[in-house]
Amino acid sequence: MKHLSLAAIALAFAATAAANQSTEPDREKQKEEENAARTTQQNLQASLDRMRIIGTSEDARRLSGTNAVVDPQQMEVEQQTDINQLLKTVPGVYIREEDGEGLRPNIGIRAAAGGRSSKVTLLEDGVMIAPAPYSNPAAYYFPQAFQMHAVEVLKGAPLLRYGPQTTGGVINLVTTPIPLENSGRIVTTLGENSEHNTHAWVGGREGDFGWLVDTVYRNSDGFKDIDRSNRDAGFDIQSYMLKFGWTGERQSLMAKAQYSEETSNETYLGLTDADFERDPNRRYGLSEIDQMNNDHQGFSLAWDLDLSNQVTLSALAYYNEFARDWFKGSFGSLIDAANAGDEQALAILHGELDAAGLDYKHNNREYESYGLELGIDASLGDHRLQLGARDHSDRMDRFQPVEVYDQVNGSLVFQDTIAPTGSNNRLEGADAFSFWALDQWQVTPDVKLDLALRYEDADTFRRQFGTTDRSTDPARRSSSASEWLPGASMTWDFTDHYQLLAGVHRGFAPLSGGATENDEPETSVNYELGLRHFRDDLFVELVGFLSDFENQAEVCSNANPCSNGATSGSFVTGEAVVKGVEFQLGNEWRAGGLTIPLSFNYTYSNAEISENNPVTGVSDGDELADIPEHLFSLRLGLEHVSGWDNHFVAKYMDETCIQVGCNNADEPFDRTESLFVVDWISRYAVTDAMTAFVKVTNLLDRQVIISRLPDGARPNKPRTGMVGVDYKF
């Protein structure tokens with residue numbers, strides 16, 4: 001028995017050893033696969049972080065500076081094609097609508113007014129996207145909101161990491177990331193005015209390589225009717241994007257290519273106030289032939305190398321081209337005359353009186369921008385250091401012939417073409433160098449101090465030609481500006497549920513391509529002080545802000561004429577102060593099978609000239625243009641376990657001045673009107689992969705004069721319904 005027991009024990013031991021030998025390689029292999037998957041996940045997250053400047057909405061609530069993220073969940077629920085409507089839910093952001101569709105946004109942040117979004121820094125995946133960010137920052141190109149994964153808004157001292165505009169804030173549009181596994185998504189909608197929108201993407205990974213194909217197609221007949229015309233007031237837009245990524249053990253590459261094109265029958269011509277009152281969705285026949293055609297292509301390559309667990313090197317190269325021809329007339333003088341009671345001007349607008357010599361300009365411009373960024377990110381104990389530099393150049397080529405028409409019996413008859421010379425035939429550009437240094441210092445477990453320093457050095461030029469072939473020596477302008485821009489911000493968690501935040505930084509807006517050596521860039525000192533409260537799902541934030549301008553200036557363009565009437569260059573108003581309060585509250589309640597998320601935002605702003613300026617004629621107390629006094633938004637959801645969700649989004653924007661000092665002038669046409677709208681979205685999860693939804697924008701069908709620039713009164717979009725399907729695979 002003893003020998004049998006020993007034999008049994010020996011056999012059992014041998015069997016166990018054999019089993020261990022057979023499973024050990026499997027375990028090692030499994031461990032290697034898990035480590036490889038973990039490394040890939042980390043590298044993918046690093047690539048996604050490279051696209052972002054804030055992170056998640058939770059990150060935004062903890063970082064220094066007052067930040068906001070329109071997160072993927074809000075993007076999925078609202079399915080917005082109009083970036084204006086998304087940003088209206090962010091505190092401190094001012095929107096001046098223009099066409100009702102959001103094709104060419106006018107976005108301002110705090111003390112940076114919204115004219116053609118030229119006073120904010122616009123990024124896509126961390127790359128500047130304004131056509132010419134230094135010399136011609138007016139955003140005649142804007143990516144499709146329908147194609148975005150998230151939208152980030154960064155305010156306060158941390159924005160000094162980015163630039164060149166550093167006064168109000170930074171907007172970063174985050175595109176669809178490369179997925180972790182092979183997958184895709186299609187969202188398509190059909191709506192009134194023959195509107196159709198489709199966003200589709202597919203992507204995946206194979207080993208260390210990832211890929212994504214993303215496309216958007218949109219078209220609509222528009223919501224306006226053109227007098228005596230069969231042409232619609234709609235648009236046709238296409239956008240395509242490719243991404244390729246590689247993630248190694250310690251480094252990664254991300255390549256991105258984008259192409260888009262747009263044809264839109266858009267105009268600058270609005271209505272007289274009397275005609276607006278009768279039918280806000282009317283368009284005069286004089287605008288029948290107005291049309292925008294543009295195309296954009298962009299390329300970027302980002303590289304990251306982890307020298308160690310604490311130190312990362314990065315490089316970013318980018319190149320963008322944008323070409324546009326906005327063929328349109330400019331008839332603001334007729335609108336002004338008709339509003340003043342001129343019956344002949346009104347008859348011309350109505351097509352009842354013949355008119356000769358009507359100019360329609362090919363606002364034809366080509367833009368180019370390119371640059372290289374290098375950076376290093378190092379974690380050293382309680383400090384995270386970021387150092388970086390960027391070399392950037394941008395160019396604008398303006399060649400704008402004018403076509404002359406007569407209005408005969410209400411129809412437009414072509415007469416002649418005027419070749420472009422002078423202001424219609426010029427080159428502009430800028431060469432700039434930037435440097436930044438940031439130190440995120442965890443002083444104690446409860447106190448975090450962020451120090452920032454940015455340096456901007458930019459040279460601009462203009463060459464204006466007197467002959468069409470540019471054979472003669474051009475008239476020349478040039479300018480140079482350099483500024484050191486320091487900033488500091490801090491957060492102090494003085495209890496588990498309360499956080500104090502504060503910051504100060506120097507703001508800067510570079511000179512445009514038409515500036516001269518005697519011009520000075522816009523500069524300011526910007527402050528913020530606030531309190532945050534966190535408790536479970538409840539978040540409350542109250543922040544006061546103040547911007548003290550040494551040299552406030554308006555950027556002049558046809559789309560956004562300055563207060564002195566200029567349509568190019570800048571109008572310096574001098575010393576000014578913009579101050580206000582931002583408040584936001586978010587919470588989520590649960591009752592049985594119902595979840596009720598709520599988000600409320602409010603902004604109060606006071607924007608005034610702070611010292612008399614005899615040169616420009618502005619006076620202490622004059623209101624600045626494009627900054628409304630009151631803004632608020634409310635987002636309320638009713639989400640049921642059955643898969644049927646309903647969401648309501650309410651937005652209010654106060655009236656605004658269209659030029660400096662409208663509060664001190666008795667002029668009935670120098671303000672827009674206040675607007676309150678409510679959107680409703682109802683979604684039902686048909687399956688785990690497919691959701692059907694109905695959406696009604698402007699549920700109350702309220703239309704007001706939301707814009708008076710550049711040529712007459714124009715409305716927001718009327719009540720519009722659509723149905724859609726969201727399918728993931």
Checking Q80 now: which residues fulfil side-chain hydrogen bond (donor to acceptor under 3.5 Å, both in side chains) with it, not counting sequence neighbours?
none

For F693 and T188, work out which heavy atoms get closest and say how close.
CZ-O, 4.5 Å

Salt bridge check, E76 against R683: does any charged N sit closer than 4.0 Å to a carboxylate O?
yes

Does a side-chain N-to-carboxylate-O contact under 4.0 Å join R282 and D227?
yes

Mark yes or no for whether N601, through its side chain, and L631, through its backbone, hold a donor-acceptor pair below 3.5 Å.
no

NZ/NE/NH1/NH2 to OD/OE distance under 4.0 Å, K155 and E541
no

Looking at D679 and K88, is there a salt bridge between them, counting it only when a charged N and a carboxylate O are closer than 4.0 Å?
no

Please identify each residue that fulfils side-chain contact (heavy atoms from CB on, under 4.5 Å) with Q238, with sequence neighbours left out.
Y217, D236, Y240, E261

Is K224 salt-bridged to E101, going by a charged N under 4.0 Å from an acidic O?
no

Is there a donor-acceptor pair closer than 3.5 Å between any side-chain N or O of N84 and the backbone N or O of E97?
no

Run the side-chain hydrogen bond (donor to acceptor under 3.5 Å, both in side chains) test against T312 and tell me which residues pass, sequence neighbours left out.
D306

Examine distances only and state if a side-chain atom of R231 and a backbone atom of E288 form a donor-acceptor pair shorter than 3.5 Å.
yes

Please answer whether the main-chain N or O of R324 pairs with a side-chain N or O of D295 as donor and acceptor at a distance below 3.5 Å.
no

Output yes when a side-chain donor or acceptor of S287 lies under 3.5 Å from a complementary backbone atom of D290, and no otherwise.
no

